[in-house]
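To start, the structure under review is shown below, and the notes come after it.
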Amino acid sequence: MITLALGQCVWGLAYRWNSLTGGDNGINLEHRPKFGIDLANEVTFFYVVFGFCAVSLLVLYTIVRSPFGRSLVGIREREPRMKILGYNTWLHKYLAFIIAGAFGGLSGVLWAHTAGIVSPENVVLTTSVDALLMAVLGGAGTLVGGIIGASVVLFIREYLSTLVHWWQYVLGGVYVAVILYLPGGLMSIPERVRQWRAAQVKPAAAPQ
């Protein structure tokens with residue numbers, strides 16, 4: 001409830017603080033900045049964003065595989081035990097929050113220059129819910145899962161919505177099916193397939 005309340009406070013500030021945010025009209029970004037390359041070109045800007053995405057994944061992969069990342073996994077699974085082992089769990093979680101905020105800020109900057117406008121609609125509750133559902137759909141706790149989940153959601157929202165007017169039901173059905181039958185998200189499909197094959201092989205290999 002506190003998270004929801006803070007989110008609404010941020011939206012209220014963005015909506016009411018006209019001198020800074022432009023209120024309901026938002027902030028229009030007429031031109032993209034120039035750093036020696038023409039970011040106004042959509043193809044060039046696409047490769048710039050793709051490069052940021054690839055570098056971010058590499059950095060996050062390095063962090064996850066580092067001792068710091070493994071300690072975060074331990075804190076997530078059993079925080080009291082990590083405290084007994086001598087880890088400063090508060091500091092670890094604080095640093096993780098800062099790192100997540102930095103990557104979130106980077107994605108926000110890229111999104112703002114992609115859309116060309118920043119408005120209070122970007123900080124409404126549904127935006128946070130969308131990000132959460134994308135992570136759950138792809139596979140929570142995985143790096144690539146978020147990309148897969150976002151790709152599926154955007155495909156349904158941007159492409160399927162041009163074909164049928166009831167695309168929201170399709171998206172809702174996908175969420176329900178994944179939560180019921182794939183609690184680990186779409187990233188858990190290979191493991192589910194391996195388990196199914198192993199279950200099929202065991203009866204065949206059993207002695208008669």
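Between Leu137 and Gly149 the shortest heavy-atom distance is CD2-O, 3.8 Å. Between Val164 and Trp167 the shortest heavy-atom distance is O-CD1, 3.7 Å. The two residues Leu106 and Ser56 make their nearest non-hydrogen contact at CD2-OG, 3.7 Å. The two residues Trp11 and Val123 come nearest to each other via the heavy atoms CA-CG2, 3.9 Å. Looking at every heavy atom in both residues, Pro190 comes nearest to Leu186 through CD-O, 4.2 Å. Annotation for Thr21 and Leu13: closest pair OG1-O, 4.4 Å, computed over non-hydrogen atoms.
The OG1 atom of Thr114 sits 11.0 Å away from atom CZ of Phe46, with the distance rounded to the nearest 0.5 Å. The distance from atom CG of Leu154 to atom CG of Leu160, rounded to the nearest 0.5 Å, is 13.0 Å. Between the CD1 atom of Ile75 and the CG atom of Asn88 there is a distance of 8.5 Å, given to the nearest 0.5 Å. Here Asn41 contributes atom CG and Arg32 contributes atom CZ; the two are 9.0 Å apart, rounded to the nearest 0.5 Å. Residue Asn122 holds its CG atom at 8.0 Å from CD1 of Ile117, rounded to the nearest 0.5 Å. Between atom CD of residue Glu191 and atom CD1 of residue Ile189 there is a gap of 12.0 Å, rounded to the nearest 0.5 Å.
Ile37 and Phe50 end up in different hydrophobic clusters when Ile, Leu, Val, Met, Phe, Trp and Tyr side chains are linked at under 4.5 Å. Using a 4.5 Å cut-off between side-chain heavy atoms of Ile, Leu, Val, Met, Phe, Trp and Tyr, with links allowed through other members, Ile98 and Leu60 fall into the same hydrophobic cluster. Linking Ile, Leu, Val, Met, Phe, Trp and Tyr residues whenever their side-chain heavy atoms come within less than 4.5 Å leaves Ile148 and Tyr181 in two separate clusters. A single hydrophobic cluster is not seen to contain both Leu132 and Leu182; linkage of ILVMFWY side chains at heavy-atom distances under 4.5 Å, directly or through other members, places them apart. Clustering ILVMFWY residues whenever any of their side-chain heavy atoms sit less than 4.5 angstrom apart, transitively, puts Val136 in a cluster other than the one holding Val174.
For CZ of Phe45, the number of neighbouring non-hydrogen atoms (other residues, nucleotides, ligands) closer than 6.0 Å is greater than 12.
A salt bridge (Lys or Arg N to Asp or Glu O under 4.0 Å) check over residues 86-110, counting only residues at least two apart or in different chains, returns the pairs Glu79-Lys93. Within the structure, the salt bridge (Lys or Arg N to Asp or Glu O under 4.0 Å) test picks out no pair touching residues 43-60 (sequence neighbours left out). Applying the salt bridge (Lys or Arg N to Asp or Glu O under 4.0 Å) test to every pair with at least one member in residues 59-73, sequence neighbours left out, gives no pairs at all. Residue pairs that meet the salt bridge (Lys or Arg N to Asp or Glu O under 4.0 Å) test with at least one member in residues 104-114, sequence neighbours left out, do not exist here. Listed by first then second residue, pairs satisfying ring pair (Phe, Tyr, Trp, His ring centres under 6.0 Å) with a partner in residues 54-93 read Phe68-His92, Tyr87-His92, Trp90-Tyr94, not counting sequence neighbours.
Residues that satisfy the salt bridge (Lys or Arg N to Asp or Glu O under 4.0 Å) test with Arg157, not counting sequence neighbours, are Asp130.
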Run Leu57 and Ile147 through side chain to side chain contact (heavy atoms under 4.5 Å, CB included) and show every step you take.
CA-CA 10 Å; Leu57 278 177; Ile147 298 177; 3.5 Å; yes
